[in-house]
Amino acid sequence: MSLQPSLRPQIIFGAPDAPHTLDVFLDYVCPYSAKMAFKIDKILKPLFAPGGPYAGKVKLIYRLQVQPWHAMSTLTNEAGLAVLRVSPENFWPFSLSLFQHQEEYFDIPTQDLTSRQVRENLSKLASSILPASAVDQFTDALAFKGAANGGNAVTDDLKYNIKFSRQNSIHVSPSVLWDGLYQKQIESSWEEKDWVEFLAKNVLV
């Protein structure tokens, strides 16, 4: 599937020009998304990496899936996009860290926090992953500036991801597309055996 040039770091595994595409839609505050994130990092990353059996054949694109029934979904997904913008090589490491800490951003732990306080907490998390020179840039990317309702530096990137999900009728996370087609059988419960069988059947190059 296509991806606008500024968001190319959302290709987290595999060569950008690989002929097959696996689109994985995840939400940072969805427990099932976290489960899938850790599994694809363990299972798929080595398969698509140089020297792996599917190197140069498959790329995996992380699609940020905002789910408004999770109160912190927008703020956490903005944080992911801010890292992608200021330190793209740390986008996936930050994402894994945020999934590890996702319970801190669930509804009840955050219900008495302002959006500013949540962003401050996300900046603290980012400081454990990003180089020091990028932390201020991360914080700045999430700050509201200009028009009273104009969003921040990553608002357009967030809109792009949301529009992409909507046009492909993606309603929940995790969801997966293979070469643009929805794969309803793929679940967060999939283990290595399931993924290996799927790839053996569907990789045609």
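Residue indices begin at 1 and follow the sequence shown. Hydrogens, waters and symmetry mates are skipped; everything else that's a heavy atom, side chains included, is used.
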For the pair L158 and L64, evaluate side-chain contact (heavy atoms from CB on, under 4.5 Å) and give the outcome as yes or no after the intermediate values.
-> CA-CA 8 Å; L158 188 71; L64 290 89; 5.7 Å; no
Yes or no on side-chain contact (heavy atoms from CB on, under 4.5 Å) for N152 and R119, after CA distance, side-chain angles and deciding distance?
-> CA-CA 12 Å; N152 55 36; R119 289 190 172 99; 4.1 Å; yes
Just so I know, are the side chains of [X] and [Y] near enough to count as touching, which here means a heavy-atom distance under 4.5 Å?
| X | Y | result |
| --- | --- | --- |
| L47 | F13 | no |
| R63 | L3 | yes |
| F94 | L84 | no |
| N168 | Y182 | no |
| L22 | Q183 | no |
| Y28 | L75 | no |
| V66 | K159 | no |
| F198 | Q185 | yes |

Stepwise side-chain contact (heavy atoms from CB on, under 4.5 Å) check, N161 with N77 | CA-CA 10 Å; N161 276 273; N77 279 286; over 6 Å; no
Parallel, tilted or perpendicular: which fits the ring planes of F164 and Y160, with parallel below 30° and perpendicular above 60°?
->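 Correct class here is parallel.
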Please work out which of the three classes, parallel, tilted or perpendicular, describes the rings of F99 and Y62, given edges at 30° and 60°.
->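 The arrangement is parallel - the two ring planes meet at less than 30°.
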Taking all heavy atoms of [X] and all of [Y], pick out the closest pair and write down the distance.
| X | Y | answer |
| --- | --- | --- |
| P109 | E103 | CG-O, 3.4 Å |
| P31 | F106 | CG-CZ, 4.0 Å |
| G150 | T155 | O-OG1, 4.5 Å |
| H171 | Q67 | O-OE1, 4.0 Å |
| P50 | A55 | CA-CB, 4.0 Å |
| E78 | V154 | O-CG2, 3.8 Å |

To the closest 0.5 Å, what do you measure between [atom1] ([X]) and [atom2] ([Y])?
| X | Y | atom1 | atom2 | result |
| --- | --- | --- | --- | --- |
| K35 | S189 | NZ | OG | 5.5 Å |
| L7 | D156 | CG | CG | 10.0 Å |
| K184 | I186 | NZ | CD1 | 12.5 Å |
| F91 | L130 | CZ | CG | 12.0 Å |
| M36 | I43 | CE | CD1 | 9.5 Å |
| L142 | L81 | CG | CG | 9.5 Å |

Among S165, S73, S33, find the one that has a side chain to side chain donor-acceptor pair (under 3.5 Å) with Q65.
->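 Exactly one candidate clears the test, S165.
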If you count every heavy atom of other residues, nucleotides or ligands that lies below 6.0 Å from [X] atom [atom1], does the total exceed 12?
| X | atom1 | result |
| --- | --- | --- |
| Y32 | OH | no |
| E192 | CD | no |
| E89 | CD | yes |

Examine [X] and [Y] and state if one hydrophobic cluster contains both, with Ile, Leu, Val, Met, Phe, Trp and Tyr joined whenever side-chain heavy atoms are less than 4.5 Å apart.
| X | Y | value |
| --- | --- | --- |
| M72 | F144 | no |
| V58 | L204 | no |
| V135 | L96 | yes |
| F38 | L44 | yes |

Keeping the roles fixed (side chain from D23, backbone from I61), state whether a donor-acceptor pair exists under 3.5 Å.
->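 No, the answer is negative, given that no donor and acceptor are paired below the 3.5 Å cut-off.
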Spell out, as yes or no, whether a donor-acceptor pair under 3.5 Å connects the side chain of T114 to the backbone of Q117.
->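 It does hold such a pair.
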Check the pair W69, V29 against side-chain contact (heavy atoms from CB on, under 4.5 Å), reporting the backbone distance first and the verdict last.
-> CA-CA 10 Å; W69 49 87; V29 284; over 6 Å; no
Passes salt bridge (Lys or Arg N to Asp or Glu O under 4.0 Å), K193 versus E197? Steps please.
-> CA-CA 6 Å; K193 176 180 178 291; E197 289 178 354; 2.9 Å; yes
